[in-house]
A.B. asks: 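My questions will all concern the structure given below.
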Amino acid sequence: MKASLDPVQTLHEEPAEAEVVSHRLMLRAGLVRKLAGGVYSYLPMAVRALRKVEAIIRQEMEAAGAQEVLLPALQPSDLWEKTDRWKAYGPELFRVSDRHERSFALGPTHEEVITDLVSQIIRSYRQLPFLAYQIQTKFRDERRPRFGMLRGREFIMKDAYSFSASEADAHRIYARMQETYARIFRRLGLEHRMVEADSGLIGGNLSHEFMIMADSGEDTVISCEKCVWASNIEKAPDAEICPVCGSPVTSRTAIEVGHVFYLAHKYSAPMGANFLDAAGKEIPFFMGCYGIGVSRILAAAIEQSHDGQGIVWPVSIAPYRNAVLPLGPGMAERPEVLALLDSIESLWPGETYFDDREVRPGMKFQDADLRGFPFQVILGERHVEKGNGEVKIRRSGERIVLPLKDIPALLSARVQAILPES
RNA sequence: CGGGGCGUGGCGCAGCCUGGUAGCGCACCUGCUUUGGGAGCAGGGAGUCGAAGGUUCAAAUCCUUUCGCCCCGACCA
């Protein structure tokens, strides 16, 4: 991508409307713009980061045996009445009427829709288990949308639903989803923690949350200093020692980005979503559901990973892996610069933001830092004259001067060292 | 939903108290100079002052109503 073709500018001044750091940086870096309270447009850079998050989620969900579906956001109210959530969900549920005054919900979640759908398709235990997922925009009429992308009224979510013929199988899938989620967050390059959780309005009796550690998090995680036990403080309000091993516990704030629930018959029973088991008996599906806040991950990643200069993207979700910054007039057209650009392109197709603008070096540095590209290839007169270039590592600030021809190999080696297995 | 704050060019703000027809910085456009950490000079374009009603010779400014946005709290992916 050439910067000269990118109309989105960074903001030098702090937007007054933003308080939390992820919101400020997302606005300043030109990732999003607000349309209404809790409703944002995603600009091209943000979409690139979102697609990377989604790609990792899709790979891991498919690897776990899930199949992608796409369910309606517009959902007739009678479905919700079957599970009593038309009332129970309260004012958080966006409700709309069509021209015939038939009422609908804008889906905040899809248990009703998927249960209805699967009950039409699956009649026998022989068709089970079935694991479906989707990535889609969700709606919640938040009492108070806030913190920018961390709590919007419209957001992108990956939700998955499992249908099993037995509780044992449902628990196996639940465990598999826990592992899958751990892999996803590891690959995203984010420090995270799985914790015991309350199951809230979704229901069920077994539930874990996946938290991204961040100083600004709204949630508090209590975790054991010795063993792996951890819990949401809401679930363990008074824990001063670990209930598993008795060691002291510590608390840290975090942002919830994933939640898995075992639902059992909570939705299948009231909706009459049954199948025939091996004995020929009609019983409800054993269900589980598994959510990840995709758009929230972007904000949470920034909350966890930024500094005074701007965003510090993990390599796995950076909109572009690296920026090439030719400094000074004519540098962007020099043959050795273009040759280097080509060789980086062949290493990482489409992953370079080429700052060919005719602006002063300081602006290129500031913008590259603010936007958080993991690598900056800096090409200034005094180095290029000698056949050299400089690579700056955004996260550490490390700078390496080396021959231009060696730059792709250095980038490749650095990424190999950082990226979790894929 | 309770408490607080704010709506004035794209962004950040001043002007409002004490009415007289809108200004500054950034960004943008043109020209010249400049080029390793958000350049300088000169010229220029851009605002129904959130909306509606009222008071007045005159309203960004005073009064009423209303909409929106932000923050804190209670509740939540």
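Lettering of chains follows the sequences in order, A, B, ..., and the numbering in each one begins at 1. Only this structure's heavy atoms are used, side chains among them; waters, hydrogens and symmetry mates stay out.
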A.B. asks: For the pair made of CG in A/D355 and P in B/rU35, what is the distance, rounded to whole Å?
C.D. replies: 18 Å
A.B. asks: For A/V359, answer base if it contacts any base atom (sugar-phosphate contacts may also be present), sugar-phosphate if it contacts only those atoms, and nothing otherwise; contact means non-hydrogen atoms under 4.0 Å.
C.D. replies: base
A.B. asks: Classify the nucleic acid contact of A/Y290 as base, sugar-phosphate or nothing, counting any heavy atom under 4.0 Å across all strands shown.
C.D. replies: nothing
A.B. asks: Could you identify the nucleotide paired to B/rC62, looking across every strand shown and requiring Watson-Crick or G-U wobble geometry with both distances under 3.5 Å?
C.D. replies: B/rG54
A.B. asks: Heavy atoms under 4.0 Å, any strand shown: does A/G37 hit a base, just sugar-phosphate, or nothing?
C.D. replies: sugar-phosphate
A.B. asks: Which whole-number value in Å describes the distance from A/Q366 CD to B/rA27 P?
C.D. replies: 13 Å
A.B. asks: For B/rG10, give the paired nucleotide (Watson-Crick: N1-N3 plus N6-O4 or O6-N4; G-U: N1-O2 and O6-N3; both under 3.5 Å), or none.
C.D. replies: B/rC26
A.B. asks: Using purine N1 to pyrimidine N3 plus N6-O4 or O6-N4 for Watson-Crick, or N1-O2 and O6-N3 for G-U wobble, each under 3.5 Å, what pairs with B/rC16?
C.D. replies: none
A.B. asks: Can you tell me whether the side chain of A/R399 and the base of B/rG37 have a donor-acceptor pair closer than 3.5 Å?
C.D. replies: yes
A.B. asks: Of the nucleotides B/rG37, B/rC71, B/rG38, which has the atom closest to the A/F147 side chain?
C.D. replies: B/rC71
A.B. asks: Any donor-acceptor pair under 3.5 Å joining the side chain of A/R140 to the base of B/rC76?
C.D. replies: no
A.B. asks: For A/D367 and B/rG38, what is the distance between atoms CG and P respectively, to the nearest whole Å?
C.D. replies: 12 Å
A.B. asks: Could you give the CZ-to-P distance, from A/R296 to B/rC76, as a whole number of Å?
C.D. replies: 13 Å
A.B. asks: Between the side-chain atoms of A/E13 and the base atoms of B/rG25, is any donor-acceptor pair under 3.5 Å?
C.D. replies: yes
A.B. asks: A/R144 CZ to B/rC76 P: how many Å, rounded?
C.D. replies: 15 Å
A.B. asks: Would you mind classifying the nucleic acid contact of A/E92 as base, sugar-phosphate or nothing, using non-hydrogen atoms under 4.0 angstrom?
C.D. replies: nothing
